[in-house]
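Single-structure report; data block below.
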Number of protein chains: 2
Amino acid sequence: MTRRATAQDVADLAGVSRSTVSLVLNGRADGNISRAKQEAVRDAAEQLRYTPNAVALSLRSKRTETIGVLTWPDRRHMPLALLGAVYTAASRAGYLLMMVDAVQRPGQVDALLDRRVDGFVVVAPELTAFAVPEAVASVPVVMVNCFDESLAASSLVPDEVGAGASAARLLLDAGHRELAVLTGDGLAGERRVLGVRRTAANAGLVEPVVLAAGHSVDDGYAAARRLLQSDLPPTGFVCTHERLALGALLAAADLGLRVPDDVSLVSLDDGEDLAGLLVPPVGRVERPDEVIAAHAIELLVDQLRHGRTDVRRLSFVCPVQPGSSIGPPRLRAAPTG
Amino acid sequence: MTRRATAQDVADLAGVSRSTVSLVLNGRADGNISRAKQEAVRDAAEQLRYTPNAVALSLRSKRTETIGVLTWPDRRHMPLALLGAVYTAASRAGYLLMMVDAVQRPGQVDALLDRRVDGFVVVAPELTAFAVPEAVASVPVVMVNCFDESLAASSLVPDEVGAGASAARLLLDAGHRELAVLTGDGLAGERRVLGVRRTAANAGLVEPVVLAAGHSVDDGYAAARRLLQSDLPPTGFVCTHERLALGALLAAADLGLRVPDDVSLVSLDDGEDLAGLLVPPVGRVERPDEVIAAHAIELLVDQLRHGRTDVRRLSFVCPVQPGSSIGPPRLRAAPTG
DNA sequence: CTGAAAGCGCTTACAG
DNA sequence: CTGAAAGCGCTTACAG
């Protein structure tokens with residue numbers, strides 16, 4: 001609870017002026033300040049554990065070295081993996097983050113502006129259009145996993161259609177011909193389904209069964225159970241998010257079906273870090289959160305530090321992560337009739 | 001990218017001095033400033049969308065209305081539920097948060113101090129002792145889910161022993177006499193196990209089997225599978241964290257055992273919000289994250305705003321959340337011999 | 001009733 | 001080689 005030392009304290013202790021302290025500590029003393037005084041200043045600073053008051057620095061420099069993060073939860077979760085990756089990238093670049101829930105607490109967006117964050121990154125839990133509040137655009141903004149067509153801001157999103165296609169291909173390559181897709185609502189789900197459909201069509205497969213299952217484990221369980229008990233059950237499931245995959249896995253186990261012997265399972269990544277932890281680990285198509293976040297911060301920092309201002313719209317390939325939930329389709333007795 | 005208005009801009013537009021603007025906008029104009037000028041100031045402020053620069057305010061007031069959050073991940077996860085609850089409580093009290101990973105990036109703790117956060121809350125993912133860096137204690141600190149014996153800081157933790165006892169009682173009350181405990185390492189696990197053991201002993205039960213399973217779903221799967229296939233399988237499982245419960249559920253399903261018909265399952269909460277989502281929803285003892293966080297922020301804000309300084313060590317009861325994973329024990333053929 | 005001044009803690013021209 | 005001054009944007013005594 002003790003008062004922290006100021007440059008004046010250091011100056012007093014070293015017997016010099018405030019300006020001298022500033023010059024020395026900021027490495028602009030060469031040829032200006034005598035060796036002896038430099039030494040004295042450094043000693044005094046160390047002894048007092050002096051470190052400049054960042055608030056005063058900010059008032060003067062008009063930079064806070066702080067980035068505002070606008071995010072919000074959807075029904076499943078906060079975009080934690082993305083946020084963590086944004087934090088890591090920002091830390092490395094020397095920035096601290098102030099995060100607010102832009103949907104639940106829109107008022108805090110203004111609080112961020114008042115505190116003069118240098119810029120914003122908007123992080124969505126799931127691919128979506130998002131209307132950035134007007135005031136926010138008074139500083140550089142980059143959008144992650146979302147976009148605002150009416151705004152000249154860079155935007156970085158996963159290639160969801162490609163991800164869906166990769167998921168389908170995992171099953172096709174294993175020999176499956178009868179696919180089912182379990183999905184929730186939302187733009188990411190739609191695009192992922194589109195990817196699966198296209199790939200299936202290109203491969204000459206019968207149209208996959210697409211079920212709008214929902215967003216919970218239980219939804220995945222119910223949908224998978226229903227399909228698995230139908231007359232002509234699909235041999236391979238694509239789940240557009242991870243809770244559905246867990247539900248499907250539980251449903252299969254409950255029905256005495258083994259994964260991947262009796263049914264194969266592929267999941268798309270929604271940042272819950274769940275699919276890979278299951279038993280067996282579910283093969284999946286990942287959202288490259290670290291890569292996206294690193295690029296986002298790089299773009300933003302480029303604007304903040306070097307005044308670059310070009311708007312980019314980037315789409316990122318989603319890498320495939322094989323898992324032992326994928327095997328060849330189970331041979332089925334030819335349908336009678 | 002336009003410059004934001006300052007009090008001077010408002011003063012110029014309203015034709016008054018800066019002081020007048022300040023007085024009017026801070027509600028101290030009564031009897032001091034003429035009605036007409038007040039009106040003029042307010043109009044000008046609105047027109048320019050003036051809002052005070054919080055950086056300048058902070059330099060003057062020596063308060064930033066910002067709380068530093070020190071946290072870190074353990075092997076399973078970040079303490080997300082707690083952090084979310086801390087965020088909500090702090091927002092309501094008018095504070096913004098700056099969060100850093102105190103273990104991975106200790107240097108950022110100093111960055112927080114330089115930026116003059118008003119206080120700190122330390123949030124641990126799992127109950128643990130934590131040595132708060134000395135400099136941090138120069139401002140008010142409250143510790144959540146952790147403690148530092150050598151520091152005069154308030155600390156708020158779950159009653160882990162009580163939680164373990166409640167978990168055991170859920171199974172006892174359903175008629176179980178042969179319990180197994182799946183646990184990871186760490187203080188929370190130890191205390192939870194202690195609670196189970198005591199309760200079992202008090203009820204005159206045979207000592208429960210305690211297995212240091214690990215921290216992953218797979219660990220829970222392997223441990224549960226082993227026990228379920230043993231000669232005298234336990235009828236009820238207590239899992240000290242949620243991934244173990246998921247693993248146990250998958251193991252049971254794989255072995256063709258039904259929950260709760262063949263085996264009952266109880267989980268303790270570790271903030272992953274997983275157990276309740278499963279099929280069936282796993283009965284559990286919850287960590288009261290919202291309650292803990294609300295009290296923590298209340299204590300901290302009391303210190304920040306009213307200078308209260310009493311150190312509290314609080315322990316919070318963990319409420320029981322029944323789930324359909326608990327049923328009466330399956331009758332077993334008497335052991336032969 | 002209202003404006004000029006001081007000061008929060010910095011850094012950067014600017015004099016000497 | 002070094003110190004005094006100005007200014008970032010506020011608010012609060014202090015004069016008038």
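Order of the sequence lines sets the chain letters (A, B, ...), proteins ahead of strands, with each chain counted from 1.
Among residue pairs with one or both ends in residues 98-125 of chain B, those qualifying as salt bridge (Lys or Arg N to Asp or Glu O under 4.0 Å) are A/Arg4-B/Asp114; sequence neighbours excluded.
Every stem involving DNA chain D, taken as at least 3 paired positions in a row under the Watson-Crick or G-U wobble test at 3.5 Å, is listed here: C:1-3 with D:14-16, C:5-12 with D:5-12, C:14-16 with D:1-3.
Here A/Lys62 does not reach the OP1 or OP2 of D/dG7: none of its side-chain N or O atoms lies under 4.0 Å away. A sub-4.0 Å separation between OP1 or OP2 of D/dC8 and a side-chain N or O of B/Asn53 is absent. Taking only side-chain nitrogens and oxygens, A/Thr20 comes nearer than 4.0 Å to OP1 or OP2 of D/dG3. For the OP1/OP2 pair of D/dC10 and a distance below 4.0 Å, the side-chain nitrogens and oxygens of B/Ser61 include no atom meeting the criterion.
For the 3.5 Å distance criterion, the side chains of B/Gln8 and B/Asp12 qualify, holding a donor opposite an acceptor. A donor-acceptor contact under 3.5 angstrom links the side chains of B/Thr20 and B/Ser17, judged on distance only. There is a side-chain donor-acceptor pair under 3.5 Å between A/Gln108 and B/Tyr87.
A/Arg60 places its CZ atom 6 Å from the P atom of C/dT12, with the value rounded to the nearest Å. Put simply, CZ on A/Arg3 is 11 Å from C1' on C/dG9, counting in whole angstrom units. What separates CZ of B/Arg28 from P of D/dT12 is a distance of 5 Å, to the nearest Å. The interatomic distance linking A/Asn26 (CG) with C/dT12 (C1') rounds to 10 Å, in whole Å. In this structure, CG of B/Leu25 is placed 15 Å from C1' of D/dT12, rounded to the nearest angstrom. Atom pair A/Arg63:CZ and D/dG9:C1' shows a separation of 18 Å (rounding to whole Å applied). Distance CZ (B/Arg18) to P (D/dG7): 11 Å, rounded to an integer number of Å. The interatomic distance linking B/Gln8 (CD) with C/dG3 (C1') rounds to 12 Å, in whole Å.
With contacts defined as side-chain heavy-atom distances shorter than 4.5 Å, the pair A/Asn53/A/Thr6 does not qualify. Using a 4.5 Å heavy-atom threshold, the side chains of B/Val123 and B/Val121 count as touching.
Put simply, the side chain of B/His77 gets close to the backbone of B/Asp270: a donor and an acceptor are under 3.5 Å apart.
Across all strands shown, B/Ser19 has heavy atoms under 4.0 Å from base atoms, whether or not it also approaches the sugar-phosphate. Within 4.0 Å of A/Leu59, counting heavy atoms only, lies at least one base atom of the nucleic acid.
Listed nucleotides C/dC10, C/dC8, D/dG3 differ in distance to A/Ala7; the shortest reach to its side chain belongs to C/dC10. The nucleotide whose nearest atom lies closest to any side-chain atom of A/Leu57 is, among D/dG3, D/dT11, C/dC10, C/dC10. You'll find that the side chain of B/Ala56 is closest to D/dC10, out of D/dC10, C/dT2, C/dC10. Checking C/dT2, C/dC10, D/dG3 against every side-chain atom of B/Ile33, the shortest atom distance belongs to C/dT2.
Mapping A/Leu23 and B/Lys37 onto DNA chain C via the closest heavy atom, the residue that lands nearer the 5' end is B/Lys37. Along DNA chain D, the nucleotide nearest to B/Ser22 and the one nearest to A/Arg35 differ in position, and the one closer to the 5' end is contacted by A/Arg35.
B/Glu39 has no carboxylate O lying under 4.0 Å from a charged side-chain N of B/Lys37, or vice versa, which leaves the two without a salt bridge.
D/dC1 and C/dC10 have their C1' atoms separated by 22 Å, given to the nearest Å.
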